[in-house]
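Lettering of chains follows the sequences in order, A, B, ..., and the numbering in each one begins at 1.
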Amino acid sequence: MSMQLLLFQVLNGLGIGMIYFLLSVGLTLIFGLMRFVNFAHGAFYLVAAYIAFALTRWTGSIWLSLVIAPLAVAALAMVVERVLLRHTYRMPHEAQILITFAIALLMQEIVILIFGPLGQNVPVPSALSGIVFLGPYVYPAYRLFVVGVAVLVAIALWLVVEKTKLGSVLRAGSESAEMVGLLGINVDRVFMATFALGGALAGLAGVLFAPIRGVEPFMSVEALGIAFVVIVVGGLGTLSGALVGGLLIGLVQSIMSTLWPEGAQLMIYAAMALVILARPAGLLGRF
Amino acid sequence: MTIERRTILKSLAAAPAALAMPAYLRQASAQGGTLDIAAVYSLSGTFANVGTLLNSGSKWAIEKYDTVLGKKLNYVLIDDRGDAGEAVRRVQEVMTQRGIRHILGCTNSAIALAVQKEVYARGGIYVQMAGADESTGKDCNKSNFRWPVASYSAVNATVRPLIEKFPDAKKWYTITGQYVFGDSLLTNVKDVLKEKGLQHVGNSYHSLSDREYSGYIATALAAQPDVLAICNFGNQTLDVVRQAISYGMKRNTKILAVWSTGLDQFQALGPENCDGIYFGCNFWHGVDSPGGRVVAEVVKAKTGDVPNYLHACGYAVAQVLLEGIKKAGTDDVPAVIKALEGMTYEGPTGTETVRPEDHQVIKDYYLMLGKAKSAMKDKNDFADVVAATKAFLPPEKTGCKMS
């Protein structure tokens with residue numbers, strides 16, 4: 001592999017990594033505070049992508065979806081949390097997995113009923129449909145935009161978690177929800193808000209991914225798989241872990257697709273296995 | 001529910017007669033003048049979106065025919081969940097427990113290759129739509145028939161016309177799915193390039209679960225090919241095309257998806273991703289033929305729209321089987337196999353013939369060129385047919401030793 005190609009694959013891998021961060025950050029946020037394994041994460045991503053598809057078809061542009069779809073999915077997440085998931089917090093993780101998995105299947109089937117089983121296209125906005133030249137390299141303008149959004153999301157979340165009172169509550173809640181409750185904070189409300197925020201982030205990823213991948217009813221499986229790999233590698237429940245995990249997985253995938261193309265996908269899981277062996281809690285996870 | 005003493009006595013009296021009845025009469029009596037046709041499709045798992053529509057096509061064909069030789073057709077759906085092992089187990093079940101001998105359908109080549117062995121071993125007949133050459137090549141058998149073209153035909157009906165159209169395109173790069181069908185396409189592309197003295201500047205294999213291809217496309221871009229040939233199928237084809245375009249590959253490189261499912265994939269890509277891209281295709285609703293019009297009517301009645309390849313393919317495998325039964329005048333498997341060998345009929349792509357030597361249906365395969373949105377005459381007019389070719393290996397070269 002030439003040096004120039006290697007450098008391009010590194011840049012491309014960083015881009016993929018930021019996109020994977022966006023995919024997984026909602027999942028890790030929910031687990032970090034609530035210790036809740038949300039298998040419906042991919043379904044929220046799916047629903048938002050289809051909202052983007054429908055709105056884009058209706059309005060001719062994806063921009064409106066960037067606001068409406070995450071909000072709609074956040075509202076859906078709040079309803080699901082209030083009606084179903086709240087009753088499972090004291091149950092073992094298996095029960096949570098089962099119920100969120102059921103929600104995911106239900107949403108997938110609803111999408112098939114409404115939109116059919118085949119994939120559909122969500123056009124890239126015309127302003128971002130070209131390519132940009134980064135030195136000798138070409139990169140899709142729309143991907144660059146998504147990477148930019150992912151960077152903004154990372155900065156915004158960091159500011160919220162580290163610099164605001166809400167962030168203090170979230171961090172304290174991730175250590176001991178009971179203690180936070182004893183301090184007079186309504187933990188149920190915090191949990192619901194966190195779940196809604198996690199849903200909104202999954203929704204944002206769904207909208208932004210739709211022009212890259214198109215939409216199809218089974219797209220949630222890929223999103224969920226990648227998100228879990230990223231947060232396991234980075235460390236369950238930490239924002240910085242999702243960022244580091246995403247970047248590492250993106251780099252491995254991109255570089256290996258030149259060095260050993262047939263094993264690129266395999267190496268993602270091999271990297272995960274290696275990290276778990278060396279650091280069972282993930283690269284930035286707490287033991 | 002209570003059972004009366006008289007009913008029990010009547011049943012006991014009838015039992016010896018029933019036991020003495022020949023097996024085939026018992027079966028006919030049990031079925032009450034119906035003929036069970038089992039269809040093997042993946043309605044869950046990775047290929048469920050493909051399996052669902054193939055299943056619709058086959059089911060609508062059975063509904064359209066309704067009866068054959070006076071027997072009511074009964075469609076028995078088997079969901080293999082995208083797993084060849086599961087498909088074989090379920091086929092074993094329906095053949096042994098329900099006595100079904102007429103099987104059709106598959107969602108990928110691995111499933112078809114496994115099922116065709118099983119059906120042959122149990123004395124049934126199987127009409128399917130696998131893409132791998134082996135199906136009517138070295139793994140052929142007397143029970144097995146295939147409607148779509150094999151990968152050899154797909155490659156030769158697309159790569160050769162493209163070479164003729166662009167004689168200056170000397171350097172070819174391939175992105176290939178690392179599974180039976182992808183490998184089969186790749187082997188054939190390499191053979192054609194070698195024969196034509198063209199340069200195969202590289203190949204990137206991807207796995208069955210890959211969805212992110214930017215790394216492979218970067219490698220392909222670095223090789224500066226004149227043509228990128230995509231050797232995979234399903235959603236993976238869409239992803240490679242979409243991502244290759246987004247990385248600006250269309251500027252200097254012709255892109256050919258050797259195998260596509262046509263309309264449904266064009267809809268999934270949208271005109272902006274179809275424009276200027278070459279696609280290989282087994283069926284196109286715009287090609288007018290008597291058989292094609294029948295399929296169009298059936299699909300129009302069900303969906304209100306034109307048929308796509310998956311509908312047509314599902315329909316075609318059922319049509320081949322039922323036309324064979326009609327021609328044989330019996331549903332007896334050996335007689336149907338004999339009737340099918342050499343049979344000519346009006347299929348979805350025009351006049352189609354079942355080749356006796358390897359049980360391959362001889363039909364056109366299309367090279368299509370996607371057009372710009374502004375050039376589309378209606379919402380389904382995504383592409384023009386550039387070439388329609390019947391490109392098949394001579395029977396003696398398929399490796400088929402019919403058993």
For the candidates A:Pro211, A:Ser254, A:Pro123, which exhibits the highest count of non-hydrogen atom pairs separated by less than 4.5 Å from chain B?
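Greatest number of close heavy-atom pairs with chain B: A:Pro123.
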Should [X] and [Y] count as side-chain neighbours, where that means a heavy-atom distance under 4.5 Å?
X        : Y        : answer
A:Leu118 : B:Asn308 : yes
B:Thr219 : A:Gln9   : yes
A:Met219 : B:Asn235 : no
B:Glu272 : A:Asn121 : yes
B:Ser246 : A:Tyr142 : no
B:Leu53  : A:Pro117 : yes
A:Ile212 : B:Arg242 : no

Which answer fits [X], side chain, backbone, both or neither, if we ask what part of it has an atom under 4.5 Å from a heavy atom of chain B?
X        : result
A:Phe53  : neither
A:Leu266 : neither
A:Pro217 : neither

For chain A, which candidate among [options] shows the most heavy-atom pairs at distances under 4.5 Å?
options                                : answer
B:Arg251, B:Gln267, B:Gln265, B:His206 : B:Arg251
B:Gly202, B:Ala220, B:Ala218           : B:Ala218
B:Leu269, B:Thr52, B:Leu310            : B:Leu269
B:Ser209, B:Pro271, B:Gly248           : B:Ser209

So does B:Lys59 have more than 12 non-hydrogen atoms from other groups sitting under 6.0 Å from NZ?
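Not more than 12 within 6.0 Å, no.
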More than 12 heavy atoms of other residues, nucleotides or ligands under 6.0 Å from CZ of A:Phe101: is that the case?
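Atom CZ in A:Phe101 is not crowded, with 12 or fewer foreign heavy atoms closer than 6.0 Å.
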Look up atom [atom1] in [X] and atom [atom2] in [Y], then write down how far apart they are to the nearest 0.5 Å.
X        : Y        : atom1 : atom2 : answer
B:Ser44  : A:Gln108 : OG    : CD    : 9.5 Å
A:Ser129 : B:Asn273 : OG    : CG    : 10.5 Å
A:Arg213 : B:Glu212 : CZ    : CD    : 5.0 Å
A:Gln253 : B:Ser214 : CD    : OG    : 7.0 Å

Minimum heavy-atom separation for B:Tyr216 and A:Pro261, please, with both atom names.
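In terms of heavy atoms, the two residues are closest at OH-O, 3.2 Å.
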Looking at every heavy atom in both B:Tyr247 and A:Ile131, which two are closest together, and how far apart are they?
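Shortest heavy-atom separation between B:Tyr247 and A:Ile131 comes out as C-CG2, 3.9 Å.
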Against chain A, label B:Asp239 side chain, backbone, both or neither, depending on which of its atoms sit under 4.5 Å from a heavy atom there.
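Contact with chain A is through the side chain of B:Asp239 alone.
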